[in-house]
Amino acid sequence: MLWHARTNETGIDQMNLFAEIRTLVTDSLTALAAEGVLPAGLELAQVAVEPPRDPAHGDMATNAAMVLAKPAGMQPRAIATALAEKLSLDPRVTAVEVAGPGFLNLRLAANVWQGVVKAALTEGLDFGKSSAGAGRKVNVEFVSANPTGPMHVGHVRGAVVGDALARLLAYTGWNVTREYYINDGGAQVDVLARSAYERYREANGLEPEIREGLYPGDYLIPVGEALKAKFGTTLLDKGEEVWLADIREIASEMMMEEIRGDLAALGVKMDVYSSEKALYGTGQIEAAIQALRDMDLIYEGTLEPPKGKTLDDWEPRIQTLFRSTAHGDDVDRPVMKSDGSWTYFAPDIAYHYNKVQRGFDELIDIFGADHGGYVKRMKAAVSALSNGKVPLDIKLVQLVKLYKNGEPFKMSKRAGTFVTLRDVVEQAGADVTRFMMLTRKNDVTLDFDFAKVLEQSKDNPVFYVQYANARINSVLRKSREAGIDCSDAALANADLAILGHPAEIEMAKKLAEWPRLVEIAAKANEPHRIAFYLYELASEFHSLWNKGNDDTSLRFIQDGNAATSSAKIALARATGVVISAGLGILGVTPVEEMR
RNA sequence: GGCCCCGUAGCUCAGCCGGAUAGAGCGACGGUUUCCUAAACCGUAGGCCGCGUGUUCGAAUCACGCCGGGGUCACCA
């Protein structure tokens, strides 16, 4: 067999064709150096093996000759010619040509592509998995919504992006922790408590006074009932100094219960919930600040007013500041208010310090785009507290614009058009919602049209991908009815050399991109790339399917020819495997039928 | 004013760890159903990749400077 899957150190079979061919190229270059054709000790890091944009240029292209020309002190063409000769000795390579300024274009044997189909069938959902993460620990913090109410549509995107990223990293060998930071230490939970208190009065038959600045939502009515059940009427005539702390506790816990339910409805399960409030009184904040102080990064000082922005109430005041400018920030940031209490930043520093101390090799935060101004100081803090050893990547997730039938849909608490996560999931379904949330890069705003996401047409990428999977399952169903063994093991042993039609080879080539795509997406922390790939994969499949209309030899089921059928069904099933693996990373359930 | 993000086809957006003639969907126009699900497919038309300079063998991609849009900016979280 010319092609065989490689087993890496973690025991996961992987077959990344691009990586394999790159190894072939670098091995060949090393051999040329040993033969004295090339100088010894060339740096090969810049050597890339990629699919050429134009398929007419072949299956793989490498820039090796151009990258090495200068360090080797040779003409690109000379290197290219020597390398081409070496590469053409490999049985996987059927043609090598020097092109353009010095590209080497490779064409690969059909059985290489057929081998990809086999690999997908034997490896199943592990096809494309990698050990790039090498078991390193990564913490993905996302959602972290205030525990003051149910999650609304604005939180959905962050939840989906965070969860899909976590799945993607797990798929690539990282040891992932999903974490939610509960913002329960600030004034907003006092507001929650006061709002809940009014609902408590209401539960006792009094008229609630939902003053300006309190949370008016109905979702606090059950909290009022619960408070009545617990306290009866005992708190009715008491001031908040008596009840505030208790009610804050109870109400925020109930809200977190609500939020956990919201996340579950979306299919998101956190590994760890960390509480901001729990950091107070434990000395953790003080310890984190002290650690910074020990590095001479904390000082008492006065900030300049922001230039170009008029603050009528600006007055210089002495505050405790973090010298974040020493780690790339634009101005130093206050960690303590002038009254001696911590700013929001201080516990967050302690929280991130805690994450560093828990031994994570990398931290990722998913924030809403309105927190953009917070990125540099947080990175500065982590950089300082980890001695620059733990990278923090912060993904800002842009707004979701809601549409109903093409009309913008404004959310307003007052007008009662407050769209909750539950509303979205109930109307669109968790799968559709998740996929749609990943059809844009995180830093671009996303339109979400309730009518469109439920439409069954190509306009709707979720449907389009699911439809391809349904067609594949339809083929498998019919094949089984016809008595063909459609187990993956049986299909993997089919005579795949039958898959020789260009359209079939194209399909296999698309499958071959999957491991590489996963690798790139994980390296960039960009799960949306999976969604885009799946769309392309589905497109390739629909195309092949329709070619069967004109050319019956391209149909998957070939009546009366079991061997041919098995090979073609294997190709369909391999595609289904990759679709399932991809949807799995997005947290979307593949459907078997569209009806 | 500082910082961050965005600017690619009429519209919505991919591509951006530098690679060859820049892609997809929608919309427009023209085709494809005795056939494994036409809920699909195929084709045509449509681009100073915001502008400029630089780095490079090579720039949509990197750097710097502009322009336009959005976000954000000391005791909010």
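Predicted model, so just to flag it, every value in this text is computed and none were measured. Residue numbers begin at 1 in each chain, while the letters A, B, ... track the order of the sequences.
Relative to the six-membered ring of A:Phe450, A:Lys404 meets both conditions, a distance below 6.0 Å and an angle of at most 45° to the axis.
A donor and an acceptor atom never sit less than 3.5 Å apart when one is taken from the side chain of A:Arg529 and the other from the base of B:rA14. Between the side chain of A:Asn105 and the base of B:rA20 there is at least one donor-acceptor pair of N/O atoms closer than 3.5 Å. The base of B:rA40 sits within donor-acceptor range of the side chain of A:Asn546, with an N or O pair under 3.5 Å.
Distance noted for atom C1' between B:rC29 and B:rG68: 34 Å (whole Å). Using atom P as the reference point in both B:rA59 and B:rC51, the two lie 15 Å apart (nearest Å). If you take atom C1' in B:rU53 and the same atom in B:rG23, they sit 28 Å apart, rounded to whole Å. Annotation: B:rG15 and B:rA22 have their C1' atoms spaced 8 Å apart (nearest Å). Nucleotides B:rC48 and B:rA60, compared at atom P, are 14 Å apart to the nearest Å. If you take atom C1' in B:rG70 and the same atom in B:rG50, they sit 16 Å apart, rounded to whole Å. Between B:rC6 and B:rC16, the distance separating the two P atoms is 13 Å to the nearest Å. For the C1' atoms, the distance linking B:rG58 with B:rC11 amounts to 33 Å, nearest Å.
For A:Lys547, no side-chain nitrogen or oxygen approaches OP1 or OP2 of B:rC42 to under 4.0 Å.
As judged by a 4.0 angstrom heavy-atom cut-off over every strand, A:Ala56 is placed among residues making no nucleic acid contact. Using a 4.0 Å heavy-atom cutoff across all strands shown, A:Thr552 reaches at least one base atom of the nucleic acid. Note on A:Val189: nothing from the nucleic acid sits closer than 4.0 angstrom, heavy atoms only. Nucleic acid contact class of A:Glu536 (heavy atoms, under 4.0 Å, all strands): none. At a threshold of 4.0 angstrom between heavy atoms, the contacts of A:Asp313 include nucleobase atoms, whether or not backbone atoms are also involved. At a threshold of 4.0 angstrom between heavy atoms, the contacts of A:Thr343 with the nucleic acid are absent. Counting non-hydrogen atoms under 4.0 angstrom, A:Tyr464 reaches the backbone sugars and phosphates but no base. A:Asp329 comes within 4.0 angstrom of nothing in the nucleic acid, heavy atoms only. Counting any heavy atom pair closer than 4.0 Å across all strands shown, A:Arg317 reaches a base atom. Residue A:Phe556 is classed as a base contact, given a heavy-atom separation below 4.0 Å to a base. If you check every strand for non-hydrogen atoms under 4.0 Å, A:Ala69 touches nothing. Among the heavy atoms of the strands lying under 4.0 Å from A:His371 is at least one base atom, whether or not backbone atoms are also near. Contacts of A:Tyr535 with the nucleic acid, taken as non-hydrogen atoms under 4.0 Å apart, involve only primed sugar atoms and P, OP1 or OP2.
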Decide side-chain hydrogen bond (donor to acceptor under 3.5 Å, both in side chains) for A:Arg377 and A:His327; before the verdict, give the C-alpha distance in whole Å, the side-chain angles of both, and the deciding distance to 0.1 Å. CA-CA 8 Å; A:Arg377 78 189 68 170; A:His327 286 265; over 6 Å; no

Between A:Tyr535 and A:Tyr464, does the ring pair (Phe, Tyr, Trp, His ring centres under 6.0 Å) criterion hold? Intermediate values first, please. CA-CA 7 Å; A:Tyr535 188 87; A:Tyr464 189 74; 4.6 Å; yes

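Taking only side-chain atoms of A:Met66, from C-beta outward, the nucleotide of B:rC57, B:rU37, B:rU32 with the closest atom is B:rC57. Of the candidates B:rA22, B:rA77, B:rC3, the closest approach to any side-chain atom of A:Lys376 belongs to B:rC3. Taking only side-chain atoms of A:Trp545, from C-beta outward, the nucleotide of B:rC36, B:rA20, B:rU12 with the closest atom is B:rC36.
Taking a centre distance below 5.5 Å and an interplanar angle below 30 degrees as the stacking criterion, A:Phe103 stacks against the six-membered base ring of B:rA20.
A:Lys277 NZ: more than 12 foreign heavy atoms inside a 6.0 Å radius.
The existence of a salt bridge linking A:Lys441 and A:Glu526 is excluded, since no basic side-chain nitrogen approaches an acidic carboxylate oxygen closer than 4.0 Å.
Paired with A:Lys510 under the rule salt bridge (Lys or Arg N to Asp or Glu O under 4.0 Å), one option of A:Glu536, A:Glu504, A:Glu540 passes, and it is A:Glu536.
Without hydrogens or angle criteria, A:Asp431 side chain to A:Val588 main chain gives no donor-acceptor distance under 3.5 Å. In terms of modelled atom types and a separation under 3.5 Å, the side chain of A:Ser479 and the main chain of A:Val475 share a donor-acceptor contact. The closest donor-acceptor contact from the side chain of A:Thr433 to the backbone of A:Gly429 lies under 3.5 Å.
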Per-nucleotide pairing state of RNA chain B [Watson-Crick or G-U, under 3.5 Å; [ ] pseudoknot-crossing; | other strand]: (((((((..((((.....[...)))).(((((.......))))).....(((((..]....))))))))))))....

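In textbook terms, a nucleotide whose glycosidic angle is within 90° of 0 is syn, and B:rU33 is one such case.
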